[in-house]
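These numbers come from the heavy atoms of this one structure, side chains and all, not from hydrogens, waters or symmetry mates. None of these values were measured; they are calculated from a predicted model.
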Amino acid sequence: LAGTVPEEPRCTVERVDASLTYSLFLQRFAFSRPVILGGVTDNSAFRALCTREKLLAAFGPLPVRLSTANTYSYRKVDVPFQEYVEQLLKPQDPARLGSDTLYFFGDNNFTEWGPLFQHYVPPPFRIPGTSPAYSFGVAGSGSGVPFHWHGPGFSEVIFGRKRWFLYPPDKTPHFHPNETTLAWLQHTYPTLPPAQRPLECTLRPGEVLYFPDRWWHATLNLDTSVFISTFLG
């Protein structure tokens with residue numbers, strides 16, 4: 001479902017196509033800056049299994065673990081996946097704090113969700129010395145996670161559009177850890193001088209974003225979205 005959050009047409013993250021070689025990926029991006037990769041995966045089969053109907057049929061009664069959508073998440077809530085989709089998968093209320101906003105991303109039970117992940121085609125690049133782990137999510141329009149950082153990884157949108165905001169490790173963004181990304185976009189983002197604005201772009205299905213180690217990032221789902229990340233630990 002398309003949301004009411006406007007899309008920013010400007011993209012300040014470099015985009016490359018499938019002609020990018022692994023050696024060039026390591027040389028230009030792996031340790032230095034984010035990049036959007038186009039045409040490096042074909043997840044049409046995985047996408048067909050991620051429709052609302054297919055996911056509810058396969059996982060409806062199974063519990064999923066929801067996290068609060070704030071930077072330092074502590075609260076976890078377990079609900080049946082069907083209850084999450086039918087009752088909690090709604091557009092983000094701009095007035096709600098992150099600690100009152102439940103978000104399904106990560107915390108996947110790989111025993112139960114493993115058969116679905118077997119159909120996912122991950123990006124072809126790796127960082128030497130790391131191994132991949134998947135995090136799968138389904139979220140409503142206007143939802144997202146505020147600024148945080150961790151190790152390197154890839155993120156792919158399966159359905160919907162996801163807006164990304166990124167800062168390098170040496171530029172700590174100005175944000176409140178219990179403020180949702182939507183509230184930050186409405187209140188803080190317009191006050192930022194151009195030199196203090198993040199790298200940003202809207203990711204669409206079929207595109208993969210790579211972010212390096214320790215880069216700050218926040219996300220905002222512009223539509224009801226299905227997405228999967230490959231964390232390199």
Side-chain angles (χ1 to χ4, degrees), residues 3-16 20 25 28-38 67-73 91-92 94 96-99 101 103 105-106 123 125 127 135 137 139-157 160-223 225 227-232:
T4 56
V5 185
E7 177 176 341
E8 166 60 58
R10 188 172 56 99
C11 177
T12 53
V13 180
E14 185 173 351
R15 276 189 162 102
V16 299
L20 181 73
F25 168 75
R28 294 177 57 191
F29 304 108
F31 306 103
S32 57
R33 56 196 166 119
V35 63
I36 294 175
L37 308 168
S67 305
T68 49
N70 52 357
T71 295
Y72 307 107
S73 294
Q92 173 73 40
R96 287 177 77 91
L97 295 174
S99 56
T101 303
Y103 191 76
F105 177 54
F125 304 136
I127 306 298
S135 256
S141 167
S143 65
V145 289
F147 282 105
H148 64 287
W149 60 265
H150 43 67
F154 297 93
S155 183
E156 181 168 358
V157 175
R161 296 165 299 158
K162 183 186 285 284
R163 191 168 167 185
W164 281 77
F165 308 92
L166 305 109
Y167 284 99
D170 61 348
K171 280 193 174 183
T172 302
H174 177 67
F175 71 102
H176 189 286
N178 200 23
E179 183 180 50
T180 63
T181 305
L182 182 60
W184 175 86
L185 179 65
Q186 293 175 341
H187 302 140
T188 302
Y189 181 90
T191 69
L192 297 175
Q196 293 181 23
R197 291 201 169 180
L199 290 178
E200 61 178 292
C201 205
T202 296
L203 206 64
R204 296 175 174 276
E207 296 180 318
V208 177
L209 173 79
Y210 169 75
F211 51 88
D213 186 31
R214 296 176 182 266
W215 271 66
W216 289 94
H217 53 281
T219 62
L220 182 68
N221 297 297
L222 302 187
D223 312 303
S225 300
F227 42 91
I228 187 167
S229 288
T230 307
F231 293 120
L232 303 175

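Rounding to the nearest 0.5 angstrom, the gap separating the CZ atom in Phe227 from the CZ atom in Arg161 is 14.5 Å. With values rounded to the nearest 0.5 angstrom, Ser225 atom OG is found 12.0 Å from Phe105 atom CZ. To the nearest 0.5 Å, atom CZ of residue Phe31 and atom CZ of residue Phe25 are 8.0 Å apart. Rounded to the nearest 0.5 Å, atoms NZ (Lys162) and CG (Asp223) are 11.0 Å apart.
With a 4.5 Å cut-off on side-chain heavy atoms, Phe147 and Glu179 do not count as touching. Taking 4.5 Å as the limit, every side-chain heavy atom of Glu207 sits out of range of all side-chain heavy atoms of Cys201. The shortest distance between side-chain heavy atoms of Ser135 and Phe231 falls below 4.5 Å. In this structure, the side chains of Leu220 and Phe165 come closer than 4.5 Å at one or more pairs of heavy atoms. Considering only heavy atoms from C-beta on, Thr188 stays 4.5 Å or farther from Phe175 through its side chain. The side-chain heavy atoms of Cys11 and Ile36, taken from C-beta on, include a pair separated by under 4.5 Å. Side-chain contact between Trp164 and Pro34: absent, with no pair of heavy atoms (C-beta onward) separated by less than 4.5 Å. In this structure the side chain of Phe125 reaches within 4.5 angstrom of the side chain of Phe154, judged on heavy atoms.
Heavy-atom minimum distance, Asn178 versus Ser99: OD1-N, 2.7 Å. Listed here is the closest heavy atom pair of Ala30 and Ile127: CB-CD1, 3.6 Å. Between Pro94 and Leu182, the shortest heavy-atom distance links the atoms CG-CD2, 4.0 Å. Between Thr181 and Ala218, the shortest heavy-atom contact is OG1-CB, 4.1 Å. The nearest pair of heavy atoms linking Gln196 to Tyr167 is O-OH, 2.6 Å. Between Ala139 and Asn221, the shortest heavy-atom distance links the atoms CB-ND2, 3.6 Å.
Residues satisfying the side chain to side chain donor-acceptor pair (under 3.5 Å) criterion with Tyr210, sequence neighbours excluded, are absent altogether.
Ion pairing between Glu200 and Arg163 holds under the 4.0 Å rule for side-chain N and carboxylate O.
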task: Please report the C-alpha distance between His187 and His176 in whole Å, then the side-chain angles of each, then the deciding distance to 0.1 Å, and finally whether the side-chain contact (heavy atoms from CB on, under 4.5 Å) criterion is met.
output: CA-CA 11 Å; His187 302 140; His176 189 286; over 6 Å; no
field: Intermediate values then yes/no, side-chain contact (heavy atoms from CB on, under 4.5 Å), Thr101 and Gln92
entry: CA-CA 8 Å; Thr101 303; Gln92 173 73 40; 3.1 Å; yes
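In this structure, the side chain of Arg33 engages the main chain of Arg28 through a donor-acceptor pair within 3.5 Å. The backbone N or O of Tyr103 sits nowhere less than 3.5 Å from a side-chain atom of Ser67 that would complete a donor-acceptor pair.
Ring planes of His148 and His150: tilted class, angle from 30 to 60°.
For His174, the NE2 atom is loosely surrounded, since the number of other residues' heavy atoms within 6.0 Å does not exceed 12.
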